[in-house]
Amino acid sequence: MPREPAGPGPIADPRLRILALVVLAFGFSALTDPRALALMVVLTVALAWRFGLPPAVLARRLRWPGVVVCGLVILLPLLSGETVLVRLGPLSVRAEGLEAALGIALRFLCIVAAAAALLAPVPLPRLVAALRALGLPALMADMALLMLRHIEELRQGLSRMRVAMRLRGAPTGFWSGQFRGIGWALASLLLRSHAQSERIYHAMILRGHGAAEAAPERFRASPGDWSALAVLVAAGTGLLVLEHML
Amino acid sequence: MTFRNVSLLAVEGLAVGHGGGPPVLSGIEFRIAPGERIGLVGPNGAGKTTLLLALTGVLPAAAGGIRLDGRLLALNGFTPEIALVFQQAHDQLFCPTVAEDVAFGARNVGLGGAALDRAVAAALQAVGIASLADRPIHHLSGGEQRLACLAGVLVMSPRILLLDEPSGALDLRNRRRLIELLRGLAQAMLIASHDLELVLELCPRVMLIDDGGIVADGPAAAVLGDAALMAAHGQEIPHSLTRHVGEGHRHPVAGPTARPGKAAVAGA
Amino acid sequence: MTFRNVSLLAVEGLAVGHGGGPPVLSGIEFRIAPGERIGLVGPNGAGKTTLLLALTGVLPAAAGGIRLDGRLLALNGFTPEIALVFQQAHDQLFCPTVAEDVAFGARNVGLGGAALDRAVAAALQAVGIASLADRPIHHLSGGEQRLACLAGVLVMSPRILLLDEPSGALDLRNRRRLIELLRGLAQAMLIASHDLELVLELCPRVMLIDDGGIVADGPAAAVLGDAALMAAHGQEIPHSLTRHVGEGHRHPVAGPTARPGKAAVAGA
Amino acid sequence: MHIPDGILPLSLTVAGLAAAAGVTAVSLWRIKARPDPRADVPRAALMTAVFFVASLVHIPVPPTSVHLMLSGLMGMLLGWFAMPAILIGLFFQAVMFGHGGLTTLGVNGVIFGLPALAAFGFLCLVRGQGGPACHAVTAFAAGAGAVMLAVALFTAVLLAGLPAHLDAATERRAILALALAHLPLAVVEGLVVAAVLGFLRRVSPELLRAA
Ligand SMILES: Nc1ncnc2c1ncn2[C@@H]1O[C@H](COP(=O)(O)OP(=O)(O)OP(=O)(O)O)[C@@H](O)[C@H]1O
Ligand SMILES: Nc1ncnc2c1ncn2[C@@H]1O[C@H](COP(=O)(O)OP(=O)(O)OP(=O)(O)O)[C@@H](O)[C@H]1O
Ligand SMILES: [Mg+2]
Ligand SMILES: [Mg+2]
């Protein structure tokens, strides 16, 4: 089957995208020195530009974890450290805490941006296949693919069931005993899925599942992919070395 | 006391879609009189289910509104007068046993104690599954599940029943039984179905929807018997309206399969 | 080269049930000739799905056996000659995209590389959904899903197709398209359906099952047109076999709803 | 309770990854010891999908709304499949919504996985004892307990990973505040889990034994 490239950017092979991301993300997470952090930001901006990361994609990924990070970034300067910079009434902003908070915010932003730039364009099933090729156990890869396949269907099933509850007057609000209703809807969905999974297993056997060791999907990395990976790995390790030398 | 020109439900210039997308239906305009039974037909993805959901007030209207007895329906309010029986029975049944599932709605319209028990028993009796009261929902056959759904909404004494594909997956015996049951109910009904024979048996009036609006609304025999209209919207005339002489099985309209190169895309 | 008395599949005294329970069907005995199309009708819970599953070898036989070309079928073995299209399309499609789902079976019959790609493309072409190859499975309409299921089994070049309720949830346009498609295939087929008009159009021979066995097996018009037999097993004669004169909608047999006090219990 | 990227030092994220990999290896080894490990994959995958979807449901808890965590329930229904299932779920949450993080996948896996396995062990211990009321109480305890255990692990990891300028009193206050903030979630989750298990026990007890 013809395969479209994994997305914009110099790496087409999703396996190499994952490897590059692992090196960069773990490398970034070890940086604390302000100069290393500055270089990290420069590298991330270059990466986002080169891989064509749309700002909307990044913004969507920042929403969830952003809450936790924002909480820390606001609290840390007030709670942590001795050197008081500014007093705001009963609160005082301290240097060590501020530094730690800035580090956290920058590392968080850069890792999320790098992950979004490298992985967001790769379709999820392809990502799972790439992980399988990198050594993810077959059992987990199969689970992941089957699960992906059913998420949308189940989401619609659950929302239809909740509409059905509301149409028959299920009260909303905290103290309405609706937990039992939610639990029952969830249990119904589980029962249904259990029966369905049996039929799916039959469908798989009927089309030869396990009859032959199906060949895992092949990936081909071009020389260009490898050189781009080498550049990114060198940049990531370079930052780590810099952090330790400074 | 039922006057045809007294409308129970009035839909006025309604436009409705899913989750902020473009409207699936627009400019929908019709009235339902008390006790009236209307068939709703149209191809896969025409918006039959969408229309029924909109009438219950679950989907926000992009334009227009729905009036019940002249009062405007509130979004996401609870309107026990309008009841929906879902296309898939298992989406509607979520309690462990039949009796509990029927009691769920009854409790929410304010019944309790002995009155609750009486109402549940009466509803089960009405659809003829009194003997299944204590059976777990998941051990029922398809036909029984659909009857349980019906009992679960009848117990709230609705004035309008919205039925989505009521005969789907039923065998002919269960289908016939369902038809007899529906024929015996006094409520107004809107029945969405691909089963045109069922529509023909139950509904004096039929609405055909396609291309985001109502394309025909009139007496059942006139709408369903109009070969040109039906063919234009991917339907076939029901067998019982064609003049068959038992000499085989010829279909009156070749239908859109005659157009070459068109895949079976409908719902998109 | 197709002789009616050369049997492709022979079922001999088969009894089969679910998970160690009592057999749902027993004493099943019939033969299918190459290229023959047989309809399988019967009420909800009669065991149509069970029989089709048994024929593929995923359900253990309590007695008897199934022979393909004279060889006995092994339990849970892989027999690409016999292909089943499930009642619920979404149970059968488990890969992320249409092309991958079709390739799944092809890979397991030993295809690979360019031959695999060619076989997948040919199968998609045959059912007319070549343009949907890279679409995710859950973005397909019901009709398209069923065509994808069919492509997924056709790619393994089966000699017998088992179809479970192929027209369920399809609108008339998609149903008509499916009928034309099936009519054009050379494989032998066993089609379980409540849609008697479809059975009548496709199958010269019909088997009626009920009460745990085959109660009738013969030419379609004879079996489906036998009012007494059909009524006794909760069926109705299809409209196209009754001599209608378009004067309304009367059903020829009152059916078992005439028996009082009998709930719509069928599947149990 | 997902820990995002960028907060924890390298040593902790790598240790978390190693721990998660270890627990997963043990789980896979136990699964492979079954007569037909493949037969359970569709079931485990589908149930995982149910949990993934259910964890996106908002429940109003004044003044905000919470998401179910459900790791206790996963442990009780999936058994040894819980850990691989949780890792897969976390990976997709991170990749699809940015919920959690990629470097913290291992740490988060431990935070959610250990309570799941603890609930599984708890269920094995008390299996089949007492009447319906007793069952409801154990189910509530398992559901709510799993949440509290996860909160404890979350807090411990966070405090270990933050810069060491915090004094002991601040740490104690932070732990207390976090525990109190999650109390409503624990109660909600306990109630939902009790309802799910009560339903399954009445309607389909074999599902509870399947794990
Ligand atoms: N939850 C949803 N989100 C977005 N779009 C939807 C949703 N449900 C339906 N649609 C779209 O709305 C349109 C109408 O769908 P609807 O289900 O109302 O059709 P229908 O007439 O009931 O079809 P069928 O005969 O197959 O039941 C379709 O194009 C469908 O793709
Ligand atoms: N997985 C199962 N476990 C136990 N019993 C089952 C199972 N599936 C079906 N049965 C029972 O076997 C009998 C035959 O069911 P089957 O699904 O074969 O009927 P059917 O003819 O296909 O019905 P329908 O027309 O509704 O599809 C029924 O009594 C049913 O309750
Ligand atoms: Mg619909
Ligand atoms: Mg069946």
Side-chain angles (χ1 to χ4, degrees), chain A residues 21 25-26 28-30 60-65 68-69 72 76 79-82 96-97 100 104 106-112 115 119 124 127 137 139-140 142-144 146-148 150-151 154-155 158 172-174 179-180 182-184 186-187 189-191 193-194 196-197 200-201 204 210, chain D residues 2-10 13-14 28 31 37-39 41-50 52-54 56-57 59-62 77 84-85 87-88 91-92 94-103 162-163 165-166 170 188 191-196 198-200 203-204 207:
Chain A
L21 178 62
F26 281 97
F28 286 0
S29 73
R60 214 171 44 234
R61 278 148 194 263
L62 290 177
R63 211 172 48 209
W64 283 102
V68 177
V69 173
L72 275 178
L76 269 182
L79 294 179
S80 162
E82 286 90 43
E96 292 85 351
I104 285 177
L106 284 180
R107 284 193 300 266
F108 164 71
L109 276 175
C110 289
I111 295 176
V112 173
L119 295 192
L124 292 178
L127 198 56
L139 195 113
M140 286 177 74
D142 286 355
M143 267 176 79
L146 262 181
M147 172 185 156
L148 273 182
H150 288 282
I151 282 178
L154 288 170
R155 202 184 58 71
L158 191 63
T172 49
F174 184 67
F179 306 121
R180 200 176 63 161
I182 291 173
W184 282 0
L186 196 55
L189 207 62
L190 279 167
L191 265 184
S193 303
H194 182 72
Q196 194 189 5
S197 74
I200 290 172
Y201 184 56
M204 293 171 76
Chain D
H2 298 61
I3 298 185
D5 287 313
I7 295 178
L8 302 181
L10 191 58
T13 52
V14 170
L28 291 181
I31 291 167
R38 299 243 124 188
V41 168
R43 193 176 69 85
L46 218 47
M47 308 253 270
T48 306
V50 174
F52 185 90
V53 166
L56 302 176
V57 171
I59 296 180
V61 172
L77 289 181
L87 278 181
I88 291 170
F91 176 75
F92 285 132
V95 172
M96 289 163 75
F97 317 112
H99 206 12
L102 287 170
T103 58
L162 284 180
H165 309 296
L166 290 175
T170 317
V188 168
L191 290 174
V192 171
V193 168
V196 172
F199 187 118
L200 293 181
V203 173
S204 173
L207 205 63

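The chains referred to below are lettered A, B, ... by the order of the sequence lines, with proteins before strands, and numbering in each begins at 1.
Residue D/Ile3 does not touch chain A at all, counting heavy-atom pairs closer than 4.5 Å. Looking at D/Val203, the atoms closer than 4.5 Å to chain A (heavy atoms on both sides) all sit in the side chain, from C-beta outward. Contacts between A/Arg155 and chain D at a heavy-atom distance below 4.5 Å involve backbone atoms as well as side-chain atoms. Contact annotation for A/Tyr201: both backbone and side-chain heavy atoms come within less than 4.5 Å of a heavy atom of chain D. Residue D/His2 touches chain A through its backbone alone, counting heavy-atom pairs closer than 4.5 Å. When heavy atoms are compared at a cutoff of 4.5 Å, D/Phe97 approaches chain A by way of both its backbone and its side chain.
D/Leu10 is listed as a side-chain neighbour of A/Phe26, based on a closest heavy-atom distance under 4.5 Å. When side chains are defined from C-beta on, A/Arg107 does not count as touching D/Asp5, because their heavy atoms never get closer than 4.5 Å.
The candidate with the highest count of non-hydrogen atom pairs below 4.5 Å against chain D, out of A/Ile182, A/Leu191, A/Leu109, A/Ile200, is A/Leu191. Contact count versus chain A (heavy atoms, under 4.5 Å) is highest, among D/Leu87, D/Leu191, D/Leu28, D/Val95, for D/Val95. When A/Leu148, A/Leu119, A/Val112, A/Leu158 are compared by the number of non-hydrogen pairs under 4.5 Å with chain D, A/Leu148 comes out ahead. Of the listed residues (A/Leu186, A/Leu127, A/Leu189), the greatest number of heavy-atom pairs within a distance under 4.5 Å of chain D belongs to A/Leu186. For the options A/Ala30, A/Ala25, A/Ala144, A/Pro137, heavy-atom pairs under 4.5 Å to chain D are most numerous at A/Ala144.
When all heavy atoms are compared, the tightest approach of D/Ala49 to A/Leu154 is CB-CD1, 3.4 Å. Smallest separation of non-hydrogen atoms from D/Ala195 and A/Phe179: CB-O, 4.2 Å. In terms of heavy-atom proximity, A/Ile151 sits nearest to D/Val53 at O-CG2, 3.6 Å. Nearest heavy atoms, D/Ala94 versus A/Arg61: O-NH1, 4.3 Å.
The closest donor-acceptor contact from the side chain of D/Arg43 to the backbone of A/Ser193 lies at 3.5 Å or more, if one exists at all.
From A/Leu72, atom CG reaches atom CD1 of D/Ile7 across 4.5 Å, with rounding to the nearest 0.5 Å. Summarising the geometry, atom OG1 belonging to D/Thr48 is positioned 11.5 Å from atom NE2 belonging to A/His150; distances are rounded to the nearest 0.5 Å. To the nearest 0.5 Å, the span separating OG1 on D/Thr103 from CD1 on A/Ile111 amounts to 4.5 Å.
Taking the side chain to side chain contact (heavy atoms under 4.5 Å, CB included) definition, one finds that D/Ala45 meets it with A/Met143, A/Leu146, sequence neighbours left out. Taking A/Arg63 as the reference, nothing meets the salt bridge (charged side-chain N to carboxylate O under 4.0 Å, His left out) condition, with sequence neighbours excluded.
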